[in-house]
4 protein chains.
Amino acid sequence: MSEGATTKWQRRKEDRPGEILAAALDCFAERGFAATRMDDVAARAGVTKGTIYLYFKTKEDLFKALVRRELLPNIERLEEMAKVPGPVAVLLERLLDLWATHVVPSRVALIPKLMLAEAGNFPDLAKFYLDEVINRGRTVLRAVLRRGVEAGEFRPDIDVDHVAYCVLAPLVFTVLWRHSFEPHDDRPMDVTAFARAHLDTLLNGLRPAARRK
Amino acid sequence: MSEGATTKWQRRKEDRPGEILAAALDCFAERGFAATRMDDVAARAGVTKGTIYLYFKTKEDLFKALVRRELLPNIERLEEMAKVPGPVAVLLERLLDLWATHVVPSRVALIPKLMLAEAGNFPDLAKFYLDEVINRGRTVLRAVLRRGVEAGEFRPDIDVDHVAYCVLAPLVFTVLWRHSFEPHDDRPMDVTAFARAHLDTLLNGLRPAARRK
Amino acid sequence: MSEGATTKWQRRKEDRPGEILAAALDCFAERGFAATRMDDVAARAGVTKGTIYLYFKTKEDLFKALVRRELLPNIERLEEMAKVPGPVAVLLERLLDLWATHVVPSRVALIPKLMLAEAGNFPDLAKFYLDEVINRGRTVLRAVLRRGVEAGEFRPDIDVDHVAYCVLAPLVFTVLWRHSFEPHDDRPMDVTAFARAHLDTLLNGLRPAARRK
Amino acid sequence: MSEGATTKWQRRKEDRPGEILAAALDCFAERGFAATRMDDVAARAGVTKGTIYLYFKTKEDLFKALVRRELLPNIERLEEMAKVPGPVAVLLERLLDLWATHVVPSRVALIPKLMLAEAGNFPDLAKFYLDEVINRGRTVLRAVLRRGVEAGEFRPDIDVDHVAYCVLAPLVFTVLWRHSFEPHDDRPMDVTAFARAHLDTLLNGLRPAARRK
DNA sequence: GATGAATGAGATTTCATTCAT
DNA sequence: GATGAATGAAATCTCATTCAT
């Protein structure tokens, strides 16, 4: 099709695993792990079923490699961001902006839905995700909120642990929505506007009365 | 063998479909639609595979009947609640309380995760869910928020459409969390505390500066 | 085909496993374990592939069940025979007669070839066969030979351990031959005549000079 | 890369087919034809799968080449031996000695087990083996036995045809045993002692009473 | 109505074979 | 000549569905 490749045979050891993983992520996110056939993945990756097995021992293996590969490079970003000094409000704004512009449109955004659906079938992977993604995220968010309280930016009486979930929930909601119901909805969601509304409500909700707009 | 036993309780035959649907919901929520075998459902319902086919034509049929049956009696409650006059803050408080005490612990709470995972595989069902649940919910929430604005309870500059999602997201998050990662987590989530934190942040976030605590 | 069975559906839970095992034995003996397809076994048993899996978890399982089932009822016969008092020559004659008339034409005769070929692939089964069949057989044969020596029927200087193999080898040879090369040979082997020749040579070979014919 | 290295030993290319055949023989004898993967053979031969196909068109081809190659140089030896004049007892002694010291420890010893197992799958090869090995062997053995009878070494009433199998069976038994059950047995078989016991029993069994020891 | 043995289409996985490098 | 990535046909095994009992 592209670039004059006329032979049916390609040899691209370097790229294959990546191509296959990308295809698998799409398929799994669309139909779920069990409902995806290896043929589907192969077709989307532009190879044959057999080729997948050159790189991944089983379908389950493919799934796990996929999740780990997509997540690992993203786990640390949040932690880095949280270290930057300055007002927490600015930090949260940056976080939401990054989310709307870089995370939601990227492939990682497909992972949460997948993990949610398959947590019951892949307990070890669920544990991994819980430990390496959710817990680290929770910890960072709590620290940030506490920093806000200590700096007087936020009310001292907030329930930091549960408010952390309030910060997180709309972010998760966005990616889930996008890859499930939005395609069937008339009006696509405006992620940026949503992020702005979320930030606005949240910051006003957390600030002491004196500092509100 | 013991057919002469007349005192033996007759299995209530009229409940078979209900028992099967309940079993199916559990199974689907745990493992997903495709990964659930009819044998699993049958075993959990305490019947044999063949019996399921007396009441449902196919596995897909079972799934659809299930979703519809669980949702329909719940759709109208929210709409009813919203009609009750009085301060919106009180209304939201009641809503969250109902959620924490009745919805989260009930079987309906399993539906969102299922629908999320299978929206791609069952477009018509997704459309149904979008129309009959999500849209009606959205509409109600928007109306409620607008009522709050009009009554002066909420700031006039809020983005009603997107704030509606901010109200909803943590609710959805709770049920998803409960049936995916919570079983693997050390500390179970305190839904009531979460609801309180959500309400607190939200109301303070929406109120005009003058009315905040 | 037979007995007016007009439906494609038969329900014969009792007989199925036996029918399947019989079919499997034939197929395995003909083509070997690996070269036999489950479809082959199913076709010969008059069922479909799926049915086999109702009774046996895997192909390997089928193989092991088969070997064990065919052997177990046969292991003890030899031991019983050896207990009968009387001249050893008579005992050996009876043994060879039983072999020629009952063992060689029966299904058990297929097992040695199978076990020989698959000993490398199924070490635990090989161990079982070695322990339960070969060793018990060896032990009996040695005891019988020793009895012959003690009774003065046989020369006192024979190497009992190795002569036992000399007794056994032609018996094994017969069944291997019958199910491998004989079908391609012009003249079928006359098992009875072979047994007679074997007995004659053997007894004369073991007797002290004085007792020979 | 290091193509300038002239002192480097060139792999003896002329031996590739031989190396591959040797590897194949080992693999086939261990696991059987069908259960052996070309990868197994390649790995044992120290080449890659593709290389095998430079020398052999198919797996079946490899198998047939193997059998023919191993057998052909061995077929005529027996015939040569049988031509040597002298007492038949001496001839048989030499034969058994050759078997124990040269045949059993060699690669040809792997062939019978293989042929036995695969006779059903490779009828033309079975026919070849029957014609070129078994029949020539049978013929020689019968001639030898007849010579013994004519020379008065053996009783005139022996059933030459079937006694030939009695001579052969223990020889076959040895190699089969060695490559199937012996590895799982506690005590390895002493081939030389076995050969001696066989010869002793056999000669005494065939000799007329007057000539026995 | 209920059962569960049997089916058969379809899934995952393997592996002999090919061919660009 | 040698490689090994890629293929695709065929194998094992699963499971939704049927139907005689």
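Each chain gets a letter, A, B and so on, in the order the sequences are listed, and its residues count up from 1.
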From the list [options], which nucleotide is the closest neighbour of the side chain of [X]?
X       : options                : value
D/Lys49 : F/dA11, E/dA16, E/dG10 : E/dA16
C/Met38 : F/dA16, F/dT12, E/dT13 : F/dT12
D/Lys59 : E/dA16, F/dC13, E/dG1  : E/dA16
C/Tyr55 : E/dT12, E/dG8, E/dA5   : E/dA5
D/Thr48 : F/dT7, F/dA2, F/dG4    : F/dG4

When you measure from the side chain of [X] to the backbone N and O of [Y], does any donor-acceptor pair fall under 3.5 Å?
X        : Y       : result
B/Lys59  : B/Met38 : no
B/Glu118 : B/Phe33 : yes
A/Lys49  : A/Val41 : no

Axial cation check for B/Phe122 ring with B/Lys64, 6.0 Å and 45° limits: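 No.
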[X] vs [N]: side-chain N/O to OP1/OP2 distance below 4.0 Å:
X       : N      : answer
B/Arg37 : F/dA16 : no
A/Thr51 : F/dT7  : yes
C/Tyr53 : F/dC13 : yes

Specify the separation, in whole Å, of atom [atom1] of [X] and atom [atom2] of [N].
X       : N      : atom1 : atom2 : value
D/Asp15 : F/dG1  : CG    : P     : 15 Å
A/Phe33 : E/dA11 : CZ    : P     : 14 Å
D/Phe63 : E/dT17 : CZ    : C1'   : 19 Å
A/Leu62 : E/dA11 : CG    : P     : 17 Å
B/Ile52 : E/dT3  : CD1   : P     : 10 Å

Residues D/Lys113, D/Glu30; criterion salt bridge (Lys or Arg N to Asp or Glu O under 4.0 Å); working and verdict: CA-CA 10 Å; D/Lys113 182 184 152 193; D/Glu30 240 171 57; over 6 Å; no
Minimum heavy-atom distance between B/Leu25 and B/Arg107, given as atom pair plus value: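 Heavy-atom minimum between the residues: CD2-O, 3.5 Å.
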Residue closer to the 5' end of DNA chain E, C/Leu54 versus A/Asp39 (nearest nucleotide):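 The answer here is C/Leu54.
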Parallel, tilted or perpendicular: ring planes of D/Phe28 versus D/Phe63, cut at 30 and 60 degrees: perpendicular
Helical stems, DNA chain F - three or more consecutive Watson-Crick or G-U wobble pairs below 3.5 Å: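 Listed by first number, the stems are E:2-21 with F:2-21.
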Contact nearer the 5' end of DNA chain F, comparing C/Glu60 with B/Gly50: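 Per heavy-atom nearest nucleotide, the more 5' residue is C/Glu60.
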